[in-house]
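To keep things clear, I will list the structure first and then write my remarks on it.
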Amino acid sequence: MSLFDKFSGWQSKFFLWVGLPVIAAIGFTFGLSDLVPSWQANAGGGTEGTFTAVREDCGRRSCTWYGNWVAAEGGEQRTDVILYDDPDGMTAGQQVAARDTGARNGVFSNEGGYTWLLVTAFVVGGVAAAVFWILALARAIRRRRTPVPAAA
């Protein structure tokens, strides 16, 4: 009995045919555009600068700092961006060293953190869901094309 044969109930079929493609799309959408920038920040790449905290936006489980980033050598600026891997105890008006690696919505604190792991997990989860869904789809198509043996 293979793993695919265990999908028998309607909930399992719904997860297989609707849930997995949605998980794949979310993993790719939220993760793929920030995968390279988060790894570059983890490796110390990008443009050095200063992030100035303007406002904190809190949800149910976590808070996110928004503010403005200015390159250390002048010129480049980004306004209303997220500070990824923000330090504990941050306050409005506080300035911290941060780097811009081209992430869609923000810059990364020089103190480092685990954003690169989270983004990588989103992408890996999306890829795994897509691969499993494609294999299930191929198996379903193969089953439909296989002729049923005639009864003797």
Side-chain angles (χ1 to χ4, degrees), residues 2-4 6-142:
S2 76
L3 182 62
F4 295 108
K6 294 182 182 184
F7 285 96
S8 57
W10 72 268
Q11 297 97 337
S12 299
K13 288 180 182 175
F14 181 80
F15 176 74
L16 180 65
W17 300 114
V18 177
L20 285 179
V22 168
I23 291 169
I26 289 171
F28 286 130
T29 302
F30 290 113
L32 204 53
S33 63
D34 288 338
L35 183 65
V36 172
S38 66
W39 276 82
Q40 285 177 339
N42 184 53
T47 305
E48 293 287 331
T50 303
F51 175 87
T52 304
V54 174
R55 66 182 167 86
E56 185 178 29
D57 186 17
C58 293
R60 294 175 100 180
R61 294 191 176 111
S62 65
C63 294
T64 303
W65 277 100
Y66 288 82
N68 303 318
W69 177 86
V70 178
E73 296 181 12
E76 278 186 81
Q77 293 185 39
R78 292 182 70 183
T79 58
D80 198 33
V81 294
I82 296 171
L83 178 63
Y84 297 113
D85 304 324
D86 55 330
D88 292 335
M90 196 156 180
T91 59
Q94 183 177 348
Q95 293 185 334
V96 295
R99 62 185 70 247
D100 182 15
T101 57
R104 187 173 29 133
N105 296 323
V107 295
F108 296 86
S109 171
N110 283 0
E111 290 188 17
Y114 299 103
T115 299
W116 63 278
L117 280 175
L118 181 63
V119 171
T120 303
F122 265 101
V123 173
V124 168
V127 168
V131 167
F132 189 74
W133 184 74
I134 290 169
L135 291 173
L137 184 63
R139 182 177 170 98
I141 291 170
R142 214 173 347 168

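Residue numbers run from 1 in the order of the sequence given.
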Any idea which heavy atoms bring [X] and [Y] closest together, and the distance?
{"X": "Q94", "Y": "G89", "value": "OE1-O, 3.9 Å"}
{"X": "V107", "Y": "A98", "value": "CG2-CB, 4.1 Å"}
{"X": "A129", "Y": "L20", "value": "CB-O, 3.6 Å"}
{"X": "A103", "Y": "R78", "value": "O-NH2, 3.1 Å"}

I need the [X] [atom1] to [Y] [atom2] distance, nearest 0.5 Å.
{"X": "W116", "Y": "T101", "atom1": "CH2", "atom2": "OG1", "result": "14.0 Å"}
{"X": "D85", "Y": "T115", "atom1": "CG", "atom2": "OG1", "result": "3.0 Å"}
{"X": "L83", "Y": "E56", "atom1": "CG", "atom2": "CD", "result": "11.5 Å"}
{"X": "D100", "Y": "Q40", "atom1": "CG", "atom2": "CD", "result": "10.0 Å"}
{"X": "D80", "Y": "W69", "atom1": "CG", "atom2": "CH2", "result": "15.5 Å"}
{"X": "W65", "Y": "T52", "atom1": "CH2", "atom2": "OG1", "result": "11.5 Å"}

NZ or CZ of R99 within 45° of F108 ring axis and under 6.0 Å
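Checked: cation-pi criterion not met.
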Contact check, side chains of [X] and [Y], non-hydrogen atoms, under 4.5 Å:
{"X": "T47", "Y": "E73", "value": "no"}
{"X": "V54", "Y": "Y66", "value": "no"}
{"X": "D34", "Y": "Y84", "value": "yes"}

Donor-acceptor contact present, side-chain S109 to main-chain D86, <3.5 Å
no
Pick from V70, I82, V81, N68: which one makes a side-chain contact (heavy atoms from CB on, under 4.5 Å) with F51?
V81
